[in-house]
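Data block below; observations after.
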Amino acid sequence: MTVAAQRIEPEPEAPPRKKRLALVASKGTLDQAYPPLILATTAASLGWEVGIYFTFYGLDILHQDRFEKLKVASLANPSGPIRVPNLLGAVPGATAAATKVMKGWMEKSRMPELPEFIDMAQGLDVTFFACATTMGVMGVEESDLIEGCDIAGAAAFLDFAAEADVQLFV
Amino acid sequence: MTTQTDRPEATESLDTSGLLCPLPVYKAAMVLGKLREGEVLHLTCTDPGSLEDIPAMARQRGDVLLASEDRGDTQVFWIGKGAS
């Protein structure tokens, strides 16, 4: 039996690939939540394709009940808004005070609050990968997360990151 | 930064005075996204980072920085929308 060789048609010319940014957001404090969202909204504004992998404490940024309540650590944070010795940083109310100071700075500088940054990123089609292992370890359900997250393991994120031009761990 | 004195006719104008990164770039990109190829955005910034950020934005987006003026506290840019 003979098999006719198939004619191989030339592939239609693919449009130029967009640049891609892959970020890991691993921290769940207010001050550490801003940098990945600033980078993501900027890159998406430049026309890049952007994905953020929210893992471990970073997953709180996507947690419906927590993302509006992220705090700035007053303890073991020598660059924090309230520069006090660790002993005083442990005093009740110190974390709330540090958080209040940073929120005041942000408001004075007319920087959007975190929920607004999340809306901006989603409006620019930034992909939010929610780390599946973190969800399992920390008991987070899909219904606990904000709308529009992709639940993904490390392999799925690395598959995205492997084609990225810039990869950063925050 | 060199100052070019030719002032192209602007299709749209955006003032981001008082806003810091990433807002000037974000807001400019939003407006540029609605313009047609060849149309011009007149952009005013006071963020000191804009001197570097706006030319970088134009380069990355495939738009064209037609002219700019550094007025000290304020920077003004004319950005031509590229093919997208």
Side-chain angles (χ1 to χ4, degrees), chain A residues 13-23 25 30-52 61 81 101-126 128 164-168 170, chain B residues 10-66 68 73-84:
Chain A
E13 201 168 310
R17 192 179 69 81
K18 284 184 176 182
K19 285 191 183 168
R20 184 181 281 189
L21 170 66
L23 294 170
L30 180 68
D31 47 334
Q32 306 257 34
Y34 271 96
L37 289 168
I38 290 173
L39 287 166
T41 49
T42 300
S45 297
L46 302 181
W48 295 18
E49 191 178 6
V50 184
I52 312 176
I61 301 169
V101 171
M102 170 143 290
K103 285 195 169 177
W105 286 351
M106 288 297 183
E107 194 181 344
K108 201 174 153 204
S109 307
R110 295 169 62 191
M111 284 291 272
E113 292 193 41
L114 222 50
E116 196 181 335
F117 258 115
I118 288 170
D119 283 347
M120 287 160 60
Q122 289 194 315
L124 290 164
D125 293 330
V126 171
F128 287 169
D165 301 278
V166 179
Q167 304 106 343
L168 297 169
V170 184
Chain B
T11 317
E12 285 282 346
S13 225
L14 175 67
D15 187 350
T16 67
S17 294
L19 300 180
L20 297 172
C21 163
L23 294 177
V25 164
Y26 171 79
K27 287 178 180 285
M30 284 287 166
V31 176
L32 285 163
K34 291 181 186 148
L35 295 186
R36 286 182 300 221
E37 187 178 352
E39 291 185 328
V40 176
L41 169 65
H42 170 257
L43 176 66
T44 305
C45 303
T46 56
D47 176 8
S50 297
L51 275 175
E52 302 280 350
D53 275 353
I54 301 305
M57 176 194 74
R59 195 162 54 242
Q60 287 293 328
R61 287 181 43 85
D63 299 322
V64 185
L65 184 59
L66 299 168
S68 57
D73 291 342
T74 304
Q75 291 82 41
V76 185
F77 305 91
W78 286 262
I79 305 159
K81 170 74 179 279
S84 55

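All figures in this text were calculated on a predicted structure; none of them were measured in a lab. Labels below follow one simple rule: chain letters A, B, ... track the order of the sequence lines, proteins then strands, and each chain is numbered from 1.
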Inset, instruction - Select one option (side chain, backbone, both, neither) describing which atoms of A:L124 are under 4.5 Å from chain B's heavy atoms. - result: side chain
Legend entry - A:P112 side chain reached by B:L23 side chain, heavy atoms, under 4.5 Å: yes
Legend entry - Residue pair A:M111 / B:P22, side-chain heavy-atom distance below 4.5 Å: yes
Enumerate, including both backbone and side-chain atoms, all donor-acceptor pairs under 3.5 Å from chain A to chain B.
| from | atom 1 | to | atom 2 | distance (Å) |
| --- | --- | --- | --- | --- |
| A:K19 | NZ | B:Q60 | OE1 | 3.2 |
| A:S45 | O | B:R61 | NH1 | 3.2 |
| A:W48 | NE1 | B:Q60 | OE1 | 3.0 |
| A:R110 | NH1 | B:S17 | O | 3.3 |

